[in-house]
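Below is one structure; the comments refer to it alone.
When reading the values below, keep in mind they use all heavy atoms of this one structure, side chains included, and skip hydrogens, waters and symmetry mates. Just so we're clear, the structure is a prediction, and the values are computed from it rather than from any experiment.
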Amino acid sequence: MKPLIVVIAASICLCLPAHAKKSKASVARWLSVEPVAAAAMNDGRINRFSDALVHVWETHPDVLQAQYALQATGFDLTAAYSGFLPYAQLDLARSRRSDRYIARFIQPLFSGGSTVAGVQAAQASQRQALTELSSRRLQLALRLNDVWFGWLAARELDQLYVGHIADLNNLLGIIRRRADEGVAAQADVINAITRIRQVEAQTEANRAVLGATQAQLTALLGTRSLGQPSWPEPMQRLDDAVAAKAWEHARDKHPSIQFALAGIERQTAERNINRGRTMPELGLRYNKPFGDEADISAPTSEIYMQYQTDTVFRAFQGMRAGSSRVEAAQASLENARRDVQAAINQASAERQAAALQLEYQQLAFQAARDLVDSFKRQFETGRKTWIEVLNAQREAQETRLQLVQQRRAYWVANNRLALQGVYWEVLLRELDDRKLGALK
């Protein structure tokens, strides 16, 4: 059985229009603007998305359950092959006059193809279990993708809120000095304090989100060993040409599609099992008597044929039911392909939209930041009012918060596209040999 290596892409590809391609490099920088300081996972703590993903794939109960189920199918396959092997049968008959024992050694010769179909059904079940393991890992990766980047964004937003409160407190000090000098009214101080309290309320709301996402992440990972996370490197983004062929690449490789294909094979094999049971069974049989009649009954060898009408009737109805199940499995395959294609198209559209918004959101933030600096200088000279400075700061803060959210949305969409497009090997560039071996 070929090892299944399941990895997730932590890379991004920007889809900018022609007039914006000249700023691709700067957009790449904006994907990791002022990330939280982080280091590789060399201290036993989880600092990167790839580290978290490997940890989930190694320890999550869903993966372990699928692995044990896959192991069980190996025994089922071995049992199916035993249908080709000879077997022994012992008959015992006791009466008042004598005891009779007959040992029969039987070698099946023909079963209408039911034995071969049984092996094929076991093989298809094993392939289904293998794709189920891949599907479990895919679903865990998608969940982790949403939770991880939500947690990462909430951490950065908390830092931004704290920094914004510090800026407002500095401005409050200036307003208080001007009020003490009689240049500003005392109401201006109260209004500035009100603005600070509003931002503090927003900070606490974000910290509630941060706590919730961290709790979800801890439950998903099964550990509290979380380090200092960082945004993925821009160089890890998915290439444009590769992303454009995501559906073609995933058409027959996606776990859901592979599971449906194996389901068709399994239902076809189950139908063939019943078809084989509608035919007579042939075999070679050797009979050896024991007991009181052993001295007058010599061993015999014979070719036998067995055909039971009740078994044939049940098998015929089972064959007809199997044909319906094959049609249902084919419909399930078409449904799986539509779902995968829809997921890929949605992720691609979200990724492209986030790439475009990142470009203009960063430009807007830079402009708002320059405006705040200008208004601060003019306020100190009396050319701008404090309310104008506060409004400029609030606009810059909101623009920066939106920039963080757009970065989060971009990475989530990019990783989702890489996962649904079965471009999981991209993450291999971040894994060392030890972690790669854990995925086999």
Side-chain angles (χ1 to χ4, degrees), residues 1-10 41-80 121-151 212-227 229 250 253-263 265-266 332 336 339-340 343 415-416 418-420 422-428 430-440:
M1 181 180 61
K2 185 179 179 180
L4 177 64
I5 299 179
V6 183
V7 294
I8 182 178
M41 187 180 175
N42 53 9
D43 57 353
R45 300 177 69 85
I46 298 174
N47 300 316
R48 300 179 303 180
F49 176 71
S50 58
D51 296 328
L53 191 58
V54 172
H55 183 83
V56 167
W57 285 342
E58 287 178 343
T59 63
H60 198 277
D62 284 352
V63 174
L64 299 179
Q65 180 184 3
Q67 288 175 340
Y68 285 120
L70 176 60
Q71 182 180 356
T73 60
F75 299 107
D76 293 336
L77 181 58
T78 302
Q123 291 174 336
S125 296
Q126 189 173 64
R127 284 191 290 273
Q128 278 192 312
L130 190 62
T131 56
E132 177 64 20
L133 172 60
S134 180
S135 180
R136 294 285 182 91
R137 285 174 166 168
L138 172 61
Q139 295 304 318
L140 287 171
L142 291 172
R143 287 171 53 191
L144 180 64
N145 186 45
D146 292 335
V147 176
W148 178 270
F149 288 103
W151 175 58
T213 53
Q214 185 165 348
Q216 295 175 17
L217 188 60
T218 301
L220 189 59
L221 296 175
T223 179
R224 296 181 179 273
S225 299
L226 300 175
K253 297 182 180 180
H254 194 278
S256 298
I257 296 176
Q258 286 287 329
F259 186 87
L261 288 170
E265 295 175 2
R266 180 180 177 180
S332 178
D339 290 343
V340 172
N415 290 355
R416 188 184 301 121
L419 284 168
Q420 298 288 3
V422 199
Y423 291 124
W424 304 346
E425 70 279 1
V426 176
L427 191 59
L428 289 172
E430 292 189 355
L431 300 179
D432 56 30
D433 293 338
R434 179 189 64 81
K435 295 176 184 177
L436 180 59
L439 299 178
K440 295 182 179 180

Looking at every heavy atom in both [X] and [Y], which two are closest together, and how far apart are they?
X: Ala129; Y: Thr73; result: CB-CG2, 3.8 Å
X: Ala336; Y: Ser256; result: CB-O, 4.0 Å
X: Ala250; Y: Gln420; result: CB-O, 3.4 Å
X: Phe49; Y: Ala141; result: CZ-O, 4.4 Å
X: Gln214; Y: Trp151; result: OE1-NE1, 3.5 Å
X: Phe259; Y: Glu132; result: CE1-OE1, 4.0 Å

Atom pair [atom1]/[atom2] of [X] and [Y] - distance to nearest 0.5 Å:
X: Ser125; Y: Leu70; atom1: OG; atom2: CG; result: 11.5 Å
X: Leu140; Y: His55; atom1: CG; atom2: NE2; result: 11.5 Å
X: Trp57; Y: Leu133; atom1: CH2; atom2: CG; result: 10.5 Å
X: Leu419; Y: His254; atom1: CG; atom2: NE2; result: 8.5 Å

#### Entry: Criterion side chain to side chain contact (heavy atoms under 4.5 Å, CB included) on Gln126 and Asp76, from CA distance to verdict
CA-CA 9 Å; Gln126 189 173 64; Asp76 293 336; over 6 Å; no

[X] side chain to [Y] main-chain N or O, any donor-acceptor pair under 3.5 Å?
X: Arg136; Y: Asp62; value: yes
X: Ser134; Y: Leu130; value: no
X: His60; Y: Leu221; value: no
X: Ser135; Y: Thr131; value: no

Under a 4.5 Å cut-off applied to non-hydrogen side-chain atoms, are [X] and [Y] in contact?
X: Leu144; Y: Leu217; value: yes
X: Val56; Y: Arg137; value: no
X: Gln258; Y: Gln128; value: no
X: Pro229; Y: Trp148; value: yes
X: Gln216; Y: Leu220; value: no

#### Entry: Salt bridge present between Arg416 and Asp146 (N-O < 4.0 angstrom)
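Yes, charged N to carboxylate O under 4.0 Å.
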
